[in-house]
> 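Structure below; questions to follow.
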Amino acid sequence: MRQRAACLHQPVLIIITLFLMCCCAGCAFVSVPLLAPSLSDLEERTVLGKGDSKILLLDVSGVISEEDQTNPLGMTTDVSPVARIREELEKAKEDRKIKALLLKIDSPGGTVTASDIIYHELQAFKKKTGIPIIVSMMDIAASGGYYIAMAADKIIAHPTTVTGSIGVLTMKFDIQGLMAKIGVEEVTVKSGDMKDFNSIFHTLRPEDQALLQNIIDTLHERFTTIVAESRPGLSQAEVKRLADGRVYTAQQALDLKLIDEIGYLEDGIELAKKAAGISQARVIAYQRPSQPKKTIYARSSAAESTFISSLGSLSNLSCRFWYLWAP
């Protein structure tokens, strides 16, 4: 009986202990869930319209990465944007009533690989199902956000959208001077001269710079090739002329053939109906019970990551390549 009582009190003791730790550290106690919500199966919810046919609304917002979402206590609250898109597409393949996919993008981009995976998953979904994909760009659909839009049959941008930023970057801190000032010396034992070529602990040499530039150029070539293959009326040479990393307004993007139309999300829904050859449809979204999505403008929780949170440690910063607009 005493053992049972002790077990019942353990959660209470944990909560009290965490509260006292925050108080002793001089922290303000904020409303943060102590336990991560259950990552239950996705459920379908109608967010707009009526009818037997369905248009699936997918959401890609925030920085595109393969990092799971966590709360301040480090507990996973949702899978990464990459895993979330894969999960939703797999569920959609089983529903014959889905006639079109509307991808809502509000993202400055993300890592090269995460952006490429989502593009690949969308392409594979379209090839397997024959379902048309329409992209509706919101505030920002730049770099990796524009990259994944290349899987669409049609692209419509909000009148105030900023898009483009076709390019690649990598970043690093050079803290060699700082370490010298505080009397700290870094020592690395390595198997080859280039093993730590992009380390934050030394300045880039010309040969290091050349190696990084070669990788950047290769990834940039892939980006421009995919845009040229996906955008009607644009040659590889024309895309490369546009692909200096700059962003474009919606009207500029339309004039340059980077998008197809300018309009609102509701116009994107109508475009999806037209592409599917239907006049009436319910717009549906997939959600978890703990993450209600009530309107077409609501974001999925997996879309809340930021550039800073995606950078992680300094070691991550020194070795990642990005399709990202980072002003």
Side-chain angles (χ1 to χ4, degrees), residues 60-69 79-86 105-123 140-151 162-176 188 190 192-230 236 239-240 242-247 258 302-303 305-327:
V60 177
S61 301
V63 173
I64 303 166
S65 76
E66 297 174 79
E67 300 290 334
D68 288 340
Q69 304 302 298
V79 296
S80 71
V82 170
R84 176 70 178 246
I85 291 295
R86 172 61 185 258
I105 301 176
D106 191 0
S107 171
T111 67
V112 165
T113 298
S115 303
D116 189 65
I117 290 173
I118 292 179
Y119 167 79
H120 169 75
E121 291 293 334
L122 290 167
Q123 286 282 74
I140 300 172
S143 209
Y146 185 73
Y147 187 101
I148 64 176
M150 295 302 96
V162 173
T163 188
S165 188
I166 301 170
V168 195
L169 59 83
T170 188
M171 295 163 284
K172 64 167 284 181
F173 288 121
D174 183 349
I175 64 172
Q176 185 177 27
T188 298
K190 53 189 177 180
D193 185 53
M194 302 298 287
K195 184 62 179 174
D196 64 340
F197 78 99
N198 200 31
S199 169
I200 63 174
F201 299 111
H202 66 70
T203 302
L204 282 178
R205 302 166 298 181
E207 56 268 36
D208 301 332
Q209 183 81 32
L211 179 57
L212 276 176
Q213 190 64 55
N214 180 261
I215 297 172
I216 292 290
D217 291 344
T218 300
L219 295 174
H220 188 252
E221 182 74 16
R222 177 176 178 81
F223 198 158
T224 57
T225 298
I226 286 176
V227 174
E229 291 174 350
S230 304
Q236 180 88 354
V239 172
K240 286 186 175 181
L242 302 174
D244 60 358
R246 77 181 67 189
V247 292
L258 294 174
S305 62
T306 64
F307 177 47
I308 298 300
S309 65
S310 296
L311 290 179
S313 65
L314 292 181
S315 60
N316 282 338
L317 180 62
S318 66
C319 63
R320 289 193 176 189
F321 295 90
W322 302 84
Y323 288 145
L324 181 74
W325 181 45

> Can you list the residues that meet the side-chain contact (heavy atoms from CB on, under 4.5 Å) rule with Glu207, with sequence neighbours excluded?
Met194, Arg205
> To the closest 0.5 Å, what do you measure between CD1 (Ile148) and CG (Asp116)?
11.0 Å
> Please report the interatomic distance CD1(Ile64) to CD1(Ile117), rounded to the nearest 0.5 Å.
11.0 Å
> Once ring-ring contact (aromatic ring centres under 6.0 Å, His included) is applied, do any residues pair with Tyr323, and if so which ones, sequence neighbours excluded?
Tyr147, Phe223
> Hey, could you give me the CD/CD1 distance between Gln209 and Ile216, rounded to the nearest 0.5 Å?
9.5 Å
> Which heavy atom of Trp325 sits nearest a heavy atom of Ser143, and at what distance?
N-CB, 3.7 Å
> With side chains defined as the heavy atoms from C-beta onward, is the minimum distance between Arg222 and Val112 less than 4.5 Å?
no
> Measuring only between side-chain heavy atoms, which start at C-beta, is Asp106 closer than 4.5 Å to Ile140?
yes
> Is there a donor-acceptor contact under 3.5 Å from the side chain of Ser165 to the main chain of Gly245?
yes
> Within this structure, what is the CD1-CD distance for the pair Ile226 and Gln236, rounded to the nearest 0.5 Å?
10.5 Å
> Mind checking side-chain contact (heavy atoms from CB on, under 4.5 Å) for Asp217 and listing every partner two or more places apart, or none if nothing turns up?
Gln213
> Which heavy atom of His220 sits nearest to which heavy atom of Gly167, and what is that distance?
CD2-CA, 3.6 Å
> Are side-chain heavy atoms of Lys240 and Glu221 found at a separation under 4.5 Å?
yes
> At what distance, to the nearest 0.5 angstrom, does OG of Ser65 lie from CH2 of Trp322?
7.0 Å
> Please find the pair of heavy atoms, one from Ala141 and one from Thr163, that lie closest to each other, and give the distance.
O-OG1, 2.6 Å
> Determine whether a donor-acceptor pair (N or O, by modelled atom type, separation under 3.5 Å) exists between the side chain of Ser107 and the backbone of Val63.
no
> Tell me, do Thr170 and Leu212 make a side-chain contact under 4.5 Å, heavy atoms counted?
yes
> Going from OG1 on Thr113 to CG on Leu219, what distance comes out if it is rounded to the nearest 0.5 angstrom?
8.0 Å
